[in-house]
Amino acid sequence: MKRFDNYIDGQWAGGSKTFENRNPANTDEVVGVFTAGESASMEAAANAAETAFPAWSRLAGPARGNYLYKVADLLDQRFEQISEDMTREEGKTLPESKGEVRRSINIFRYFAGEGSRFPGMLVPSERERVHMFALRKPLGVVGLITPWNFPSAIPAWKLAPALICGNTVVLKPASAAPLSAWRIVEACHDAGIPKGVVNFIAGSGGSLGTALLNAKPLKGVSFTGSTEIGHWLHGEASKRRLRIQLEMGGKNPTIVLADADFKSAVENTVNAAFFSTGQKCTATSRVIVEEAIYDRFLEALIERTRQLKVGNGMDSGIQIGPAIDQKQLETNIRYCEIGTKEAGAPVVGGRRLTGGAYDRGYFFQPTIFADVTPDMRIAQEEIFGPVLSVIRAKDFEDALRIANDIPFGLSSSIQTTNLSRAFDFIYGAQAGLLTVNLPSAGVEYQLPFGGTKESSFGPKEQGPAAMEFYSDLKTVYLKY
Ligand code: NAP
């Protein structure tokens, strides 16, 4: 069985404690055995990052960029292997994994280029012969805590901007899917990134989180995960006045108006609700349908959902993989019980899939509840599985009110051919990411990513905005 160690100060670091990474589509298969980090390893990693910081931050931006280009090239050379690893550890289908690994490669190339731009500010002074400008400087040691659902892209979209800005990092991946992040760290090592610049500690977030926040050199934390852990981290980080960035839960709506292109509205809703097993932070979990087409749309949604093929993501033709683990499967089951009490039995799905190969994995039927009202728990609380609530709206205004009437604000979508309605939605929707006539999920790396309300806190990730969190401005007034 392949053993995957932690990475501290340029060395692979073993330890006496380990944990297993199992395939959620076939729990007989152990994907890898990982060294479980402890408080002492977290401290050692933060110290190594602190030691490495002066030299790395002084390196010219384009030189840091060259390292990132090398990381991208190595990931590209290992593309097939890394994609298969991801499907085996997370359960998403192989085409989905390939799409994600491609995105990670693109993210490294994009931020490698930022090393040659790294824009500051230059403005004219009111005073004679005064040259004034502001330049960007890195924060120092930053901690990156990532979830299991995009086990490669999320580590990549934190790591690449952190490094290009000149920070040194300690990365703590999700215990349910640490291998994809480990592969990126392996590529950083093989690319020759100097020792101590990138450090990787796997293991339980509960204990390592406290150790990371207590590490003296730490200057900032970027976290993606549940709202509950994000809130806790925010409280702890504030005590030390650490800079913090949080990307958390969602309950994303898709509004379908009567004038929508009907077929693509059905397809976009099914894609956003069920692909990646509904385990995307931008997945649609509420579809709000204008009354005039409600019955016809529901019927088409049910028919399309019944055609989805659930199974092992390594098999060709499979569209929906398993839940990540037993806990998430139980959450899906629990919310189907809650939904049945609130809205009646689901019109499709609602059960664990069993028999044959299904018995070895955490497979759950794509599920639809109809005639859900906005106040029901299945319409308010994040499930993070393939469970969709269909809600009736009188008209556009009613649909927008329902869409916004939740604590979260990550992504929001509308399906309409009416340009004015599209713009009313763009200006009125309370979410950080909006799509029009596209699925609510499926973002690119070149523009800012992040939400509003309870979904996010701090500067946005990705695109040029990513530099905001990982750098600070230093202002200079110079008389010549
Ligand atoms: P999670 O349970 O909050 O875990 C996220 C990360 O935090 C993992 O690495 C976890 O480690 C770690 N962690 C757990 N307890 C911690 C603590 N006390 N201190 C520090 N770190 C701790 O979330 P998840 O189940 O992995 O991911 C699903 C959630 O992520 C959903 O709510 C989803 O909406 C959200 N998400 C949001 C976005 C976004 O961009 N807004 C993107 C993707 C996912 P362990 O794995 O060892 O527990």
Side-chain angles (χ1 to χ4, degrees), residues 7-10 42-72 104 107-108 110-120 134-146 154-173 181 184-185 187-189 191-201 212-213 215-224 233 237 240-247 445 450 458-474:
Y7 185 65
I8 304 171
D9 203 18
M42 193 52 98
E43 208 180 311
N47 290 339
E50 186 181 36
T51 306
F53 176 70
W56 180 252
S57 58
R58 274 200 302 269
L59 205 61
R64 287 198 294 268
N66 285 338
Y67 282 112
L68 266 56
Y69 282 123
K70 273 190 212 154
V71 173
S104 299
I107 287 168
F108 269 92
Y110 175 87
F111 285 107
E114 285 291 62
S116 307
R117 291 183 284 269
F118 211 50
L135 51 88
R136 290 202 172 270
K137 65 181 186 68
L139 305 182
V141 178
V142 293
L144 312 177
I145 305 176
T146 56
I154 296 180
W157 83 49
K158 293 185 192 297
L159 198 51
L163 294 178
I164 205 66
C165 287
N167 302 284
T168 53
V169 306
V170 179
L171 170 61
K172 185 348 238 156
I184 293 178
V185 173
C188 290
H189 173 77
I193 290 185
K195 67 176 189 161
V197 171
V198 175
N199 301 274
F200 171 94
I201 307 289
L212 178 66
L213 287 179
K216 282 206 185 78
L218 198 73
K219 294 290 187 290
V221 190
S222 177
F223 167 84
T224 302
L233 276 171
R240 284 187 57 193
R241 270 172 281 153
L242 293 174
R243 185 177 283 210
I244 189 158
Q245 175 180 55
L246 305 169
E247 286 301 337
Y445 55 88
K460 298 275 187 271
E461 303 202 87
Q462 305 196 62
M467 313 297 270
E468 294 299 318
F469 177 73
Y470 293 105
S471 65
D472 209 349
L473 287 164
K474 192 183 258 184

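None of these values were measured; they are calculated from a predicted model. Counting begins at 1 with the first residue of the sequence.
Proximity of Tyr110 to Pro464: side-chain heavy atoms (C-beta onward) are separated by under 4.5 Å at one or more points. Side chains of Tyr470 and Leu163 form no contact here, defined as non-hydrogen atoms less than 4.5 Å apart.
In this structure, Glu50 has no salt bridge (Lys or Arg N to Asp or Glu O under 4.0 Å) partners at least two apart in sequence or on a different chain.
A distance of 8.5 Å separates OG1 of Thr51 from NZ of Lys195, quoted to the nearest 0.5 Å. In this structure, Glu247 CD and Thr146 OG1 are separated by 13.5 Å, a value rounded to the nearest 0.5 Å. Interatomic distance, CZ of Phe118 versus CE of Met467, reported as 5.0 Å (0.5 Å rounding). Here the CG-CG distance, from Asp472 to Leu135, works out to 10.5 Å after rounding to the nearest 0.5 Å. Rounding to the nearest 0.5 Å places CD1 of Ile201 at 12.5 Å from CD1 of Ile145. The CD1 atom of Ile154 lies 11.0 Å from the CD1 atom of Ile184; values are rounded to the nearest 0.5 Å.
Counting only distance, with no hydrogens or angles, the side chain of Arg64 and the backbone of Ser57 share a donor-acceptor pair below 3.5 Å. Between the side chain of Asn167 and the main chain of Ala162, a donor-acceptor pair closer than 3.5 Å is present. Between the side chain of Arg243 and the main chain of Phe469, a donor-acceptor pair closer than 3.5 Å is present. Side-chain N or O atoms of Asn199 include one that pairs as donor or acceptor with a backbone N or O of Val169 at under 3.5 Å. Distance alone, capped at 3.5 Å, is enough to place a donor-acceptor pair between the Arg240 side chain and the Lys216 backbone.
For Ile244 against Ala237, the heavy-atom pair with the smallest separation is CD1-CB, 3.8 Å. Summarising the geometry of Gly61 relative to Ile164, their closest heavy-atom pair is O-CD1, 4.0 Å, with the distance given to 0.1 Å. The two atoms that bring Gly166 and Phe53 nearest to each other are O-CE1, 3.2 Å, heavy atoms only. Heavy-atom minimum distance, Thr168 versus Gly196: CB-O, 4.1 Å. Across all non-hydrogen atoms, the minimal contact from Ala181 to Pro155 is CB-CG, 3.9 Å. Residues Ala112 and Leu68 approach most closely at CB-CB, 3.7 Å, considering heavy atoms.
Taking a 6.0 Å sphere around NZ of Lys137, one finds it holds more than 12 heavy atoms contributed by other residues, nucleotides or ligands.
Trp56 and Tyr67 have tilted rings, their planes meeting at an angle from 30° to 60° on a 0 to 90° scale.
Side-chain contact check for Gln245 and Ser222: at least one donor-acceptor pair (N or O, by modelled atom type) lies under 3.5 Å.
Salt-bridge formation is detected for the pair Glu461/Lys158: a Lys NZ or Arg NE/NH1/NH2 atom is positioned less than 4.0 Å from an Asp or Glu carboxylate oxygen. Salt bridge Glu468/Arg136: present, at least one basic N to carboxylate O contact under 4.0 Å.
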